[in-house]
2 protein chains.
Amino acid sequence: MNIQLDDRRKALIEKLGIANEEKGFQPVAGRILGLLYVSPRPELTFDEIRESLNISKSATSTALNLLMHMGRVDYTTFSGDRKRYFRIKLGNWREVIQEEMEHMVKISYVLQEVLEVRKADNTANFNCNIEEFTSFLQFLYKDFPSLLQRWEKSRGKE
Amino acid sequence: MNIQLDDRRKALIEKLGIANEEKGFQPVAGRILGLLYVSPRPELTFDEIRESLNISKSATSTALNLLMHMGRVDYTTFSGDRKRYFRIKLGNWREVIQEEMEHMVKISYVLQEVLEVRKADNTANFNCNIEEFTSFLQFLYKDFPSLLQRWEKSRGKE
DNA sequence: ATTTTGGTTCTCAAAAGTTGGAACTAACAG
DNA sequence: CTGTTAGTTCCAACTTTTGAGAACCAAAAT
C-alpha cells in the first residue's frame, strides 16, 4: 500500500519541502508538493500520501484542500473506485508565475501611493528610486507575454 | 523628537507592513521598512523609529539588524553625533530582484534533479512540464540583464 | 441495516515565532 | 570618575502556527 521511495527521492522531497516552505507553504503542504513531484506514479491517493509522509489524516486533509484551493493540486477519480487520485498541477506553471507577477504589481501600486505622498518632501533622489522600481515592476508585468514568446523562440533554435 | 506622520502615511505604513509580512519579514521589520519608505525625512534614528512605531528597544534592535543583514537597510552617521541614521536601501532594487531570481533558479536546479530521478519513470508528459518550467526559470534568469535594458529603452521613448 | 471506506472537522497540546522589559555594555560628556 | 546616550542581549510572556487524535459523516459495500 505504501509507495516505494528510494533515498534519492526521499532527499528530494525534503529539499522541495523546504523550498516550498520558503515560498510560504506550511510544512506539510510543502512536503506533499515535493512528494507529488518525485513520486514514480504521479497520482497518489489520500492514504498513500499520508503513509508516505507519516502524517495524520487531519494534516493531510487540510493541506490537500489548501493546495487544491490554491490551484496547485487537483485529483482524478476512476469509476468503481471511491478514492481520489491527487496529482500536482504542473501544466499551469505559466498561470502560477503570472499570479506571482500580479502580486508584485499590486505592491507597485502601493509604492505609487507612497510616491504621491512624498511629492511634497524634498527627497528627489529617494523618490526617483521608488519611481524606477515601480516602473520596472509594471514593465515586467506587461512584458510577461512577450517574455514567454522569447523563451519559446529561444527553445526552437537549439 | 517623534516624527510627524499624517493619517495617509500611517495607513501606508500598515499597507507596506502587511505586504512585507507576506514577503516573509517579521511584523516589526515589515513596519520599519514601511516607515522608512514614507517618512518625510528618509533617515531616522533608532529612537525615532522606536517611538514612531511604538515598539520596544529590543524589537527595534533585532529587526534593524535583520534588515541590515539582509541588505535592505543601512545607516549613516554624522561626526559629533553618536546616533545612527537608518535608511532604506532603495538604490539596489536591481540586486534585490536579481537575488530573488537567483532563488528561483536554485529551485530550478532541484527540479532538474527531480527530472533525472524521473527519467526511468514512464511519465513523459509530466516530465515535460517540469522540463518546461525549469527551462523557463533559467531563461528568465539569464535574460534578466536584457530585460533591464528593454525596460530602460522603453522609458526613453515616452 | 450495519459495516467499511474515504475522507472532514473539532479540539487541544506542543513548538515556533515575536515582542516587551530589564539588565547590560561601550563610548563619550562633563 | 560619574553620568548619559545609543544601542544590545537575555529572559520571560504572549501569540501564532502546526499537526495529532478522536469523533464525526456520507456514500458505498456487504
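Letters A, B, ... mirror the listed sequences (proteins, then strands); counts begin at 1.
- Between A/T123 and A/R118, the side chains place a donor N or O and an acceptor N or O closer than 3.5 Å (distance only, hydrogens not considered).
- Phosphate contact (OP1/OP2 of C/dG6, side-chain N/O of A/K83, threshold under 4.0 Å): present.
- We find that CG of A/L64 is positioned 8 Å from P of C/dT8, with the value rounded to whole Å.
- Between the CG atom of A/L44 and the C1' atom of C/dG7 there is a distance of 16 Å, given to the nearest Å.
- Taking 4.0 angstrom as the limit, A/R84 places a side-chain polar atom (N or O) nearer than this to OP1 or OP2 of C/dG7.
- Side chain B/S58 to base C/dG20: a donor-acceptor pair is found below 3.5 Å.
- Between B/R9 and A/D121 a salt bridge is recorded (basic side-chain N to carboxylate O distance below 4.0 Å).
- When DNA chain D is scanned 5' to 3' for any atom under 4.0 Å from a heavy atom of chain B, the first and last hits are D/dT4 to D/dC10.
- Scanning residues 65-73 of chain B for heavy-atom distances under 4.0 Å to DNA chain D yields B/N65.
- Relative ring orientation between A/F78 and A/Y85 is described as perpendicular, the plane-to-plane angle rising above 60° on a 0-90° scale split at 30° and 60°.
- Checked against a 6.0 Å centroid threshold, the rings of A/F86 and A/Y75 count as neighbours.
- Here C/dG6 presents its P atom at 14 Å from CZ of A/F78, a figure rounded to the nearest Å.
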